[in-house]
Amino acid sequence: MNTTPPPFGDPAKIDRENSAAVKKGLLFGCGGCAALVMLGAALVAGIFFLVMGVMRSDETCAQTLKAAQESKEMQQELGQPMRMGWFVTGDISTFNGNGTVNVTVPIVGPAGEASVHTMGTREPGGPWVFTRMEATILKTGRTVKLQ
């Protein structure tokens, strides 16, 4: 009779030990990596929505939306009510009262969508002076000057 214990422990317990080790590996190995990836994605999404919120709330984007809403041509093309879409792109810079803007603002109405390209400058203490504010109707490609 052999009284030497098996080299790797009790064979009856090996399956349970292996199963527990695999679960721990998945939880802390893959699960930990997945949690870090999800945390990173949430951070990027949070920054994106913060930037979009800041740009959408800028005075120049509000003036662009107002110009689109007041345009008879835009009312015919997009219908009413019109609202600003989410993905404002471009650049808005202000420093010591000076400013430049070069943005593309999506405008959405019940009958369609448009993309409004707005460019302008501002001197200290003065209003924004827009050198370009024109909409491109996405459905037809038609250009509408808003200013």
Side-chain angles (χ1 to χ4, degrees), residues 8-147:
F8 300 108
D10 184 3
K13 293 182 180 179
I14 287 179
D15 285 339
R16 283 182 288 162
E17 290 171 359
N18 284 345
S19 174
V22 167
K23 288 178 184 173
K24 285 179 187 175
L26 286 175
L27 178 64
F28 294 109
C30 295
C33 289
L36 285 175
V37 167
M38 289 173 46
L39 182 64
L43 180 65
V44 168
I47 291 170
F48 172 78
F49 284 110
L50 177 69
V51 168
M52 281 296 116
V54 167
M55 286 187 74
R56 289 185 65 198
S57 66
D58 187 78
E59 162 186 12
T60 58
C61 291
Q63 289 177 1
T64 299
L65 175 62
K66 183 178 179 192
Q69 290 171 331
E70 292 174 349
S71 166
K72 297 294 182 197
E73 292 175 272
M74 291 291 284
Q75 291 173 11
Q76 289 172 343
E77 292 283 348
L78 304 184
Q80 288 283 16
M82 282 182 243
R83 63 177 175 76
M84 191 181 313
W86 261 98
F87 299 107
V88 175
T89 58
D91 180 54
I92 302 167
S93 300
T94 56
F95 182 73
N96 287 337
N98 290 317
T100 60
V101 63
N102 184 1
V103 293
T104 300
V105 180
I107 305 292
V108 180
E113 299 177 33
S115 181
V116 181
H117 189 182
T118 300
M119 294 173 67
T121 58
R122 179 172 69 183
E123 297 295 323
W128 283 97
V129 177
F130 297 107
T131 56
R132 179 178 180 192
M133 189 182 289
E134 41 182 56
T136 302
I137 309 301
L138 298 184
K139 185 170 36 177
T140 63
R142 180 172 170 242
T143 300
V144 176
K145 291 200 182 280
L146 300 179
Q147 182 173 335

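The first residue in the sequence is number 1, and the count goes up from there.
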A side-chain contact here means heavy atoms from C-beta on lying under 4.5 Å apart; do Thr131 and Thr121 qualify? no
Min side-chain heavy-atom separation Glu123-Asn98 under 4.5 Å: yes
Flag side-chain contact, heavy atom, 4.5 Å: Leu138 against Ser115: yes
Just verifying a value: how many Å separate Gln63 CD and Trp128 CH2, rounded to the nearest 0.5 Å? 8.5 Å
Sole candidate of Val105, Thr89, Thr64, Thr104 that passes side-chain contact (heavy atoms from CB on, under 4.5 Å) when paired with His117: Thr104
What I'd like to find out is whether the side chain of Val88 reaches to under 4.5 Å of the side chain of Pro106, using heavy atoms alone. yes
Spacing of Thr60 atom OG1 and Ile92 atom CD1 [to the nearest 0.5 Å]: 4.0 Å
To the nearest 0.5 Å, what is the distance between CD (Glu77) and OG1 (Thr136)? 11.5 Å
To the nearest 0.5 Å, how far apart are CG in Asp58 and OG1 in Thr118? 10.5 Å
Say you draw a straight line from CZ of Arg142 to CD1 of Ile137; how long is it, rounded to the nearest 0.5 Å? 6.5 Å
I'd like to know if the side chain of Gln69 and the backbone of Met82 have a donor-acceptor N/O pair within less than 3.5 Å. yes
Rounded to the nearest 0.5 Å, what separates atom NZ in Lys66 from atom CE in Met84? 13.0 Å
